[in-house]
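These notes are about the structure you will find just below.
Counting from 1, the numbers follow the sequence of the chain as shown. When a ligand or atom number is given, it counts from 1 through the structure's own listing order.
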Amino acid sequence: MRIFLDTANIDEIREAASLGIISGVTTNPSLVSKEATADYETVIKTICSIVSGSVSAEVLAEDTDSMIEEARVKASWAPNVTIKIPVTAAGLKATSVLSKEKVDINMTLCFSVNQALLAALAGAAYVSPFVGRLDDVGHDGMQLVKEIVDIYNHYEFNTKVIAASIRHPLHCVVAAKAGAHIATVPYSVLMQMIRHPLTDVGIERFLSDWRRVSG
Ligand code: G3P
């Protein structure tokens, strides 16, 4: 499973990229609006200069024609821009057109197997089931990820599953076990994934043992 960073914060992206373990970034309008400059173009171009993998930029338009127009503009910002489009009727129509133009689409706000199936049929490069938001309303978000992965494998769809709306490290473990191609994680969760108290205790013990013999 690959890891994308789910943030529009440039400092977090720089730091995570320096670890050499992230292969993409996902943003959404809420994440971009939290940053000092909410100029979507500047934010995406900056991220694309730091990360060479897929960088998702979301369309804000709601009708098909405007989505297509906006997607074409945003896709021109950098070669590694992926366009995020919600799974709606308008979004599916736009995705069908854009995927034929070889624009990579990440169909977002996916909450059901049917939506994921339709996203794949429309030619989306990625689909993003929102795990945490399903958990929030008493559904099993990771079960959805597993079902989508199984169905995509069964029908040999090329669409990649991005486990999104990740809230804690256990989500990443279960996403990996479910066969998700990618988990997109907030920076705080990435930091939690790295840390283990026994690693810290182990380092401290190694160093104190070494100090005892080396004076
Ligand atoms: O990847 C989707 C993510 O940005 C949404 O996360 O925590 O707002 O449900 P959240």
Side-chain angles (χ1 to χ4, degrees), residues 1-13 15-17 21-38 40 43-44 46-48 50-51 53-60 62 67 71 74 80-88 91 95 104-113 115-116 119-120 124-149 152 159-176 178-193:
M1 184 177 76
R2 289 186 292 143
I3 302 284
F4 285 4
L5 204 62
D6 194 29
T7 183
N9 183 283
I10 301 300
D11 292 338
E12 290 180 350
I13 292 166
E15 178 57 27
I21 53 164
I22 62 160
S23 36
V25 171
T26 51
T27 71
N28 62 38
S30 305
L31 292 172
V32 175
S33 72
K34 285 189 209 161
E35 300 312 313
T37 167
Y40 218 135
V43 171
I44 294 297
T46 308
I47 298 172
C48 287
I50 302 167
V51 176
S54 163
V55 174
S56 283
E58 190 150 345
V59 296
L60 302 165
E62 289 175 277
M67 279 179 178
K74 288 186 170 164
N80 52 328
V81 170
T82 294
I83 302 297
K84 248 177 153 182
I85 294 182
V87 192
T88 57
T95 298
D104 277 351
I105 306 296
N106 171 2
M107 291 220 81
T108 188
L109 290 166
C110 173
F111 294 99
S112 75
V113 166
Q115 288 181 319
Y126 305 95
V127 69
S128 292
F130 272 37
V131 175
R133 291 194 195 183
L134 277 170
D135 291 355
D136 289 345
V137 294
H139 289 267
D140 184 347
M142 274 306 164
Q143 181 57 28
L144 174 63
V145 170
K146 187 170 171 18
E147 287 171 7
I148 297 171
V149 168
Y152 280 8
T159 309
K160 303 263 184 291
V161 179
I162 304 180
S165 183
I166 293 283
R167 302 283 172 75
H168 49 70
L170 185 57
H171 271 155
C172 297
V173 173
V174 184
H181 301 93
I182 298 146
T184 187
V185 303
Y187 182 78
S188 58
V189 174
L190 183 66
M191 293 301 113
Q192 287 176 301
M193 288 170 75

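- Side-chain atoms of K84 come within 3.5 Å of backbone atoms of T27 as a donor-acceptor pair (strictly under, hydrogens ignored).
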Quick one, S56 with T26, criterion side chain to side chain donor-acceptor pair (under 3.5 Å). Give me CA distance, side-chain angles, the key distance, then yes/no.
CA-CA 5 Å; S56 283; T26 51; 5.9 Å; no
Contacts table for residues 137-144: side-chain donor-acceptor under 3.5 angstrom, sequence neighbours left out:
unit_1	atom_1	unit_2	atom_2	d
D140	OD1	M142	N	3.3
D140	OD1	Q143	N	3.2
Q143	NE2	E147	OE2	3.1

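- The residues lining ligand 1, counting any heavy atom closer than 4.0 Å, are D6, N28, L31, F130, R133, A164, S165, R167, T184.
- Between the side chain of N80 and the backbone N or O of V51, at least one donor-acceptor pair lies under 3.5 Å.
- Listed for the T159 side chain is a donor-acceptor partner under 3.5 Å among the backbone atoms of A124.
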Working for side chain to side chain donor-acceptor pair (under 3.5 Å), residues N106 and S128
CA-CA 7 Å; N106 171 2; S128 292; 2.7 Å; yes
